[in-house]
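Down below is the structure, laid out as structure tokens.
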Amino acid sequence: MAKVKKKVKSIKIDLDKCNGCRACEMICSAFHANPKYSSNNPARSRIRLIRDPIRDVYLPVYAGEYTAAECMGRDKYVIDGKEYSECDFCRASCPSRDAFKEPDSGLPLKCDMCEDDPAQEKPLCVKWCLNDALIYEEREEEVEEEVKLGEMEVGLESLVDKYGLQKVTDTVARMSKKS
Amino acid sequence: MRYAETGYHLEIDLSRGNVERVETDPKLTELHLGGLGTNAKLLWDRVPPETDPFSPDNLLIFGTGLLCGTPAVGANRTIVSTFSPQTLFMAYSMMGGFWAPELKYAGYDKVIFRGKSPNLIYVWINNDKVEIRDASHLKGKGAVETAELIKQELKDPNVQVAAIGLAGENRVYMASIEQGRSSASRQGVGAVMGDKGIKAIAVRGTKDVNIARPAEFLERCNDVLKYIQHRAENPIKNVEPIFEGLGSPQEMKLIDEKWHTTGFMWGNARARRKDYWTKDVEEKWKETQESMRTRLISCYNCPMKCGAIISVPGISTYMMKCYSKLTYTMAAYSDLDFGFRIAQRATDYGVDGFSAPQTMAFALELYEAGILTDQDMPGMPPDTEGRFYWLLDRIVRREGIGDVLANGTYWAAKQIGKGAEDYAHNNIKKHEQLPLKLGMLNPVYFLMYCTGEKANITQIEGQFPQEPFPKREQREEFVKDWIQVPDEKFKQYFLDWEPRGDNSNPHYPTAQMSCEIVDWMEKMHYIDDALGVCAGLSSFPLKPPYHIHNYPAFISAATGIDMDEAGLTQVYRRNRNLIRSVNVRRGLRRADEKPPEDHWKKRFPELEEKLLDAYYQFKGWNKEGIPTQETLKELDLAYVAEDLEQRGIIKNG
Ligand code: SF4
Ligand code: SF4
Ligand code: SF4
């Protein structure tokens with residue numbers, strides 16, 4: 001397959017530099033207001049500062065994919081003597097908590113890297129984090145050109161992996177007769 | 001739609017258990033902005049001047065500044081106003097942290113308490129849902145511990161809690177209201193909270209705060225961020241490290257404490273130790289600070305790091321800011337290790353880091369002098385550090401001699417008698433001051449000490465350097481990028497100010513110049529306190545990002561109110577005169593306006609009278625420091641003039 005160049009956007013998070021100011025939350029919500037900056041509300045932001053000062057827990061987390069069901073387990077991590085719940089690091093908009101959901105509608109929120117037209121020079125949360133706890137990095141990566149699968153194909157593929165192609169086709173045929 | 005503000009107050013009558021959400025009059029925002037300005041208006045309108053601070057009729061107001069919760073950097077102040085049991089005048093103690101923005105997001109600009117609850121309660125404000133909850137299980141708990149317990153109880157780590165400790169519950173005059181890394185410490189606001197039976201106020205908000213002209217507003221915010229970075233890269237030259245940068249004094253970051261430890265007074269504001277700061281001390285303090293300071297932290301939406309998480313091995317973690325690092329240490333002639341340790345207990349008890357250590361040092365002086373005896377201090381340990389803990393434990397419980405000391409040095413001295421008054425020597429308007437004693441009278445500082453409505457030098461000083469720079473070239477360099485001056489003439493005042501000779505203290509700056517300088521500095525504080533912007537980014541440090549030239553644009557863009565420099569100055573004068581009138585109505589007069597007797601060695605009684613006369617005149621006040629009819633009328637305060645006239649405090653015409 002042919003090689004292609006792909007732009008990878010990433011944000012490096014340095015927990016030691018975070019002063020807990022929540023400017024990232026504030027400005028993310030303001031940027032996504034309509035019209036831009038016309039209001040702000042950290043509860044709508046796509047980054048969350050998990051903050052527990054007395055235990056020195058300062059952990060900015062970005063909103064990722066929506067998930068319909070919460071995890072079964074609740075594992076714990078101990079890092080530098082501080083205990084974190086697995087959920088602390090999780091980016092999902094998940095039924096177990098109110099982070100990464102619109103406070104009024106409950107619709108999931110996801111970090112879009114401040115996609116804008118014209119493009120922002122860097123994501124707003126990074127710009128407002130003067131302490132450099134959030135550092136924006138862009139790099140080009142050579143990747144193999146792949147046929148990008150649609151969402152349904154991803155799902156079907158996993159079913160085929162599990163049950164075999166024959167069983168999946170039979171099931172689909174049976175379902176289509178029923179309806 | 002209301003912009004920057006929410007347009008609602010939460011009114012809670014504790015005697016009746018009644019909670020109401022009340023819409024406010026937008027006209028008052030135009031007249032007073034918010035925060036301190038509208039707090040003062042409420043106290044003027046609703047609390048008769050004869051009201052005792054511990055009467056159910058006294059109000060306790062938690063006001064947010066107008067810009068709190070907007071993207072304005074560092075706009076996070078809660079202004080707590082009430083009548084002070086300590087000074088008997090209006091109290092307005094401020095705290096940073098996270099509480100004020102959270103209240104805005106919950107949909108309120110202020111919480112106003114009246115009445116008293118028969119049992120200890122806490123208030124839980126969750127957007128539109130407001131509950132008065134039983135707090136009997138929190139009785140006697142530390143302020144820090146209380147906040148943690150409430151967060152657990154409410155199962156929400158994002159709740160912001162303002163709480164009192166044992167000191168507030170027992171109505172100790174120096175009781176503070178603690179809120180994580182911040183506290184409203186001065187003037188006994190914690191005692192009034194305890195008197196009303198409020199252990200804590202927990203807030204969570206998930207609503208929007210709106211901006212009238214968003215693009216314009218954001219541009220202003222970006223300018224401020226840029227300027228903060230510029231100042232970080234360009235510290236001010238020719239000044240002590242403490243004056244180089246922005247923020248509250250950077251006590252948590254800086255190790256070098258030469259300026260404070262050798263310049264300020266130890267014990268009961270008594271002894272200067274010019275040789276204290278040695279290499280050995282520096283090394284030891286460095287080790288202490290670096291081993292106990294877990295992280296440098298900020299308030300809401302601020303890139304500075306004025307606070308710290310302090311973890312002393314073996315005792316609970318707490319948060320600290322600024323100067324409380326040194327007040328216990330120096331009052332007890334001890335070291336930083338002791339300072340960090342006792343401050344943990346003091347923070348959980350919830351006491352003011354200025355008044356508490358000073359009162360304890362005062363008690364020990366009285367003991368040395370034989371005015372307090374072993375009978376008053378049964379079982380007190382022999383060492384100073386042990387005695388400080390012993391006294392602190394008794395003060396916050398009002399036990400034995402602690403009951404007397406709990407009222408602060410002024411009232412305690414009166415009660416003890418036997419010459420104790422001479423030891424309560426560092427007060428203004430009955431309130432303990434920074435432990436600072438100097439040589440030559442400084443006319444600018446004289447006026448600030450005398451007339452500051454809050455009796456707290458750090459809440460009025462800031463924009464003009466404290467001392468002249470030795471060399472003209474240094475002064476020339478300083479004024480080059482001094483964009484914050486309201487008028488070019490201030491540069492000249494500073495250029496011509498010399499350490500010695502004709503143009504030096506006490507006769508230079510002249511009376512007129514001193515009036516103008518003080519008025520400028522005070523103006524910036526009043527604007528900050530109405531907007532809720534931290535003084536650490538505005539009125540307090542030299543060359544700050546916010547100043548009189550850019551503030552009007554912030555206010556206009558945020559609120560949609562048309563504001564220019566003249567208009568903003570007018571708001572300042574209105575708020576200033578309203579607060580003065582609130583206090584005048586409670587008896588404030590010229591005789592109350594003086595610095596501690598021994599603040600300067602060299603005093604000039606005649607000059608001082610002249611300065612005060614000039615300043616009162618400059619302000620539009622009469623010889624007693626009372627605003628005149630004309631002054632009040634010009635500021636839309638005719639109703640104030642009328643009231644003062646009816647009471648016979650001012651004459652018509
Ligand atoms: S803006 Fe930066 S320093 Fe502030 S909370 Fe977010 S990550 Fe931490
Ligand atoms: S990158 Fe943009 S969208 Fe994502 S969290 Fe930061 S500000 Fe929000
Ligand atoms: S400058 Fe310091 S005290 Fe002021 S808001 Fe920022 S962190 Fe808080």
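Convention: sequence-line order gives letters A, B, ...; per-chain numbering from 1.
Residue A:Glu140 places its CD atom among more than 12 non-hydrogen atoms of other residues, nucleotides or ligands, all under 6.0 Å distant.
Identified under the side-chain hydrogen bond (donor to acceptor under 3.5 Å, both in side chains) test for residues 21-37 of chain A, with sequence neighbours left out: A:Arg22-A:Glu25, A:His32-A:Asp112, A:Lys36-A:Asp116.
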Can you list the steps and then say if A:Asn19 with B:Met304 is a side chain to side chain contact (heavy atoms under 4.5 Å, CB included)?
CA-CA 8 Å; A:Asn19 71 353; B:Met304 305 302 296; over 6 Å; no
Before giving the answer on side chain to side chain contact (heavy atoms under 4.5 Å, CB included), spell out for A:Ser38 and B:Ile211 the whole-Å C-alpha distance, their side-chain angles and the decisive distance to 0.1 Å.
CA-CA 5 Å; A:Ser38 59; B:Ile211 293 294; 5.7 Å; no
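Under the 3.5 Å distance criterion, the side-chain polar atoms of B:Arg295 are matched with a main-chain donor or acceptor of A:Cys18. Using modelled atom types, one side-chain atom of A:Asn41 and one backbone atom of B:Thr206 make a donor-acceptor pair closer than 3.5 Å.
Within residues 222-230 of chain B, the residues approaching chain A closer than 4.5 Å by heavy atoms are, in numerical order, B:Asn222, B:Leu225, B:Ile228, B:Gln229.
Taking the side-chain hydrogen bond (donor to acceptor under 3.5 Å, both in side chains) definition, one finds that A:Asp80 meets it with nothing, sequence neighbours left out.
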Got a list of side-chain donor-acceptor pairs under 3.5 Å for residues 147-154 of chain B, not counting sequence neighbours?
unit_1, atom_1, unit_2, atom_2, d
B:Glu153, OE1, B:His137, NE2, 2.8
B:Glu153, OE2, B:Tyr122, OH, 2.8

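For the pair A:Ile27/B:Leu218, a side-chain contact is recorded, criterion being any heavy-atom separation below 4.5 Å from C-beta on. Annotation: side chain of A:Pro42 is in contact with side chain of B:Tyr105 (closest heavy-atom distance under 4.5 Å).
Between B:Lys207 and A:Asp104 there is no salt bridge, since no side-chain N of the basic residue sits under 4.0 Å from a carboxylate O of the acidic one.
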